[in-house]
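What follows is a short report on a single structure.
Not measured: the values here are computed from a predicted model. Throughout, a chain's letter reflects where its sequence line sits, starting with A, and its residues are numbered from 1.
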There are 2 protein chains.
Amino acid sequence: MLRLSKLTDYGVVVLTRLAAGSQAGRVVAVPELAQATGLQEPTVAKVLKILGQAGMVEGMRGARGGYRLTRPLDAIPLSEVIIAFEGPIALTACVEGSAASCESSGLCPVHGRWEPVNRAVRATLERITVADLVAPEPIASYRQNALTL
Amino acid sequence: MLRLSKLTDYGVVVLTRLAAGSQAGRVVAVPELAQATGLQEPTVAKVLKILGQAGMVEGMRGARGGYRLTRPLDAIPLSEVIIAFEGPIALTACVEGSAASCESSGLCPVHGRWEPVNRAVRATLERITVADLVAPEPIASYRQNALTL
DNA sequence: GGAAATCGGACGCAATGGGTCCTATTTCAG
DNA sequence: CTGAAATAGGACCCATTGCGTCCGATTTCC
């Protein structure tokens, strides 16, 4: 587990397909993207709305409208996509809400100690971009320096 | 989100409390642990069963029975706890099950590309031990070398 | 022999994510 | 000027799954 939602996965797929289909600022409509990805149109629409609110894609209304990327894929860190679909990256509920929500805070020896872990995971996800996920060859960049797999 | 389950959180809490209560090989029973952590007895029991199957704690049956750690906390990486409660660390369902389960594998450009990401997150979680979560002071060890926060 | 534990499994409730649909708004084409 | 085509934003229902609980079986100490 530790699984991210399907929507997030769809988000990455749609982003990559959008990059392939919208060269030179051309916009791509939902039906075409649904066709290309094999996903349902309503689902693709929902994903694009979320990506739009997060500022990764830009929607053009009206006939001949559609979506296009606001940035190249290598300028979109994976963490940004995940945050858009799932909210702040935090492994436990303790840290994100109010500290008072943890009823056993007085007894819990791990109280507040998860935050460094969250930062570590966050940093890991910030170093990987969406472009890395479509690279046809094994990725060397974040393999060597940053993440030291 | 990207949230791990409450059981996993409980697991860490119980492990740390067990370490505090079972000095010198003494075993600690469920009621005492429940008392000390503020969790319900059945829940603590369930958590300990899972930790036991994963080999992190050892259960002694019969009267005067209880649980004890099989290893010090600094020998238990966080990844091991997470895997025990949530299964293999994989961000998407694509990679863990059969590849055929992804219906749009022919269209999906990200197909199989998540695995390096999984490895990165996995590596991050392997470097942090349960002992790091109870350290009273800000952790320097994995802050400098391994994770470069 | 009885009490006090763990062990293993099964069961039901609640919450969260996933997928769909509807309406309003915008824009291009004829 | 009208209609078609597209996005924008929200609301809704359903399926899944995690969570908590409980029960019976087994083991061990007093």
Side-chain angles (χ1 to χ4, degrees), chain A residues 1-11 13-14 18 22 26-35 37-68 70 82 84-87 91-93 96-97 101 103-104, chain B residues 1-11 13-14 18 22 26-35 37-68 70 82 84-87 91-93 97 103-104:
Chain A
M1 315 279 175
L2 193 80
R3 192 158 303 128
L4 38 79
S5 74
K6 288 187 182 181
L7 270 298
T8 308
D9 195 7
Y10 296 162
V13 172
V14 168
L18 194 56
S22 75
R26 174 175 157 265
V27 296
V28 185
V30 168
E32 183 179 338
L33 279 172
Q35 173 78 15
T37 56
L39 302 174
Q40 297 297 320
E41 283 194 22
T43 301
V44 173
K46 185 174 191 172
V47 167
L48 283 166
K49 286 175 209 170
I50 296 173
L51 290 172
Q53 289 175 341
M56 285 173 269
V57 305
E58 192 180 10
M60 298 297 170
R61 285 189 169 190
R64 299 295 176 91
Y67 290 91
R68 72 170 160 226
T70 59
I82 295 176
F85 285 95
E86 327 214 6
L91 269 55
T92 59
E96 63 176 24
S101 63
E103 62 283 350
S104 61
Chain B
M1 314 283 176
L2 193 81
R3 192 158 303 129
L4 39 78
S5 74
K6 287 187 181 180
L7 270 299
T8 307
D9 195 7
Y10 296 163
V13 173
V14 168
L18 195 55
S22 74
R26 175 176 158 265
V27 296
V28 184
V30 168
E32 183 178 339
L33 279 173
Q35 173 78 14
T37 58
L39 301 174
Q40 296 297 319
E41 283 194 22
T43 301
V44 173
K46 183 173 193 170
V47 166
L48 283 166
K49 286 175 211 169
I50 296 173
L51 290 173
Q53 291 173 342
M56 283 172 271
V57 304
E58 191 180 10
M60 297 298 170
R61 284 191 169 190
R64 300 295 178 88
Y67 288 91
R68 72 169 160 228
T70 59
I82 294 176
F85 285 93
E86 328 213 5
L91 268 56
T92 59
E103 63 283 351
S104 60

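A sub-4.0 Å separation between OP1 or OP2 of C/dA29 and a side-chain N or O of A/Arg64 is present. For A/Ser5, a side-chain nitrogen or oxygen approaches OP1 or OP2 of C/dG18 to under 4.0 Å. Contact annotation: B/Tyr10 does not reach the phosphate of D/dC19 (side-chain N/O to OP1 or OP2, under 4.0 Å). For the OP1/OP2 pair of D/dC19 and a distance below 4.0 Å, the side-chain nitrogens and oxygens of B/Thr43 include no atom meeting the criterion.
Between the side chain of A/Lys46 and the base of C/dG19, at least one donor-acceptor pair of N or O atoms lies under 3.5 Å. Residue side chain B/Lys49 reaches the base of C/dG8 through a donor-acceptor N/O pair under 3.5 Å, judged by distance alone.
Nucleotide D/dT17 holds its P atom 9 Å from the CZ atom of A/Arg3, rounded to whole Å. Atom CE in B/Met60 sits roughly 14 Å away from atom C1' in C/dC7 (whole-Å rounding). Spacing between atom CD1 of B/Ile50 and atom C1' of D/dC19 amounts to 11 Å, rounded to whole angstrom units. Rounding to whole angstrom units, CG of residue B/Leu33 and C1' of C/dA5 are separated by 13 Å. To the nearest angstrom, P of C/dG19 lies 9 Å from CG of A/Leu39. Taking atom CG of B/Leu7 as the reference point, atom P of D/dC19 lies 5 Å away to the nearest angstrom. In this structure, CZ of A/Arg68 is placed 13 Å from P of D/dT7, rounded to the nearest angstrom. Between A/Asp9 atom CG and C/dG18 atom C1' the separation is 13 Å, expressed in whole Å.
Considering every non-hydrogen atom in both A/Ala84 and A/Met56, the closest pair reads CB-CE, 3.7 Å. Of all heavy-atom pairs spanning B/Phe85 and B/Thr8, the tightest one is CB-OG1, 3.2 Å.
Only one option out of B/Leu48, B/Val47, B/Thr43 pairs with B/Val30 in a side chain to side chain contact (heavy atoms under 4.5 Å, CB included); it is B/Leu48.
With D/dT7, C/dA3, C/dA29 as the choices, the nucleotide that has an atom nearest any side-chain atom of A/Ala29 turns out to be D/dT7. Comparing C/dG18, D/dT21, D/dT27 against the side chain of B/Arg61 picks out D/dT27 as the nearest. In the set C/dC7, C/dT26, D/dC19, C/dC7 carries the atom at the smallest distance from any side-chain atom of B/Tyr67.
Using modelled atom types, one side-chain atom of A/Glu86 and one backbone atom of A/Ser5 make a donor-acceptor pair closer than 3.5 Å.
Heavy atoms of A/Gly66 sit under 4.0 angstrom from primed sugar atoms or phosphate atoms, though from no base atom.
Inter-residue side-chain proximity for A/Val14 and A/Val57 is flagged as unmet; no heavy-atom pair is nearer than 4.5 Å.
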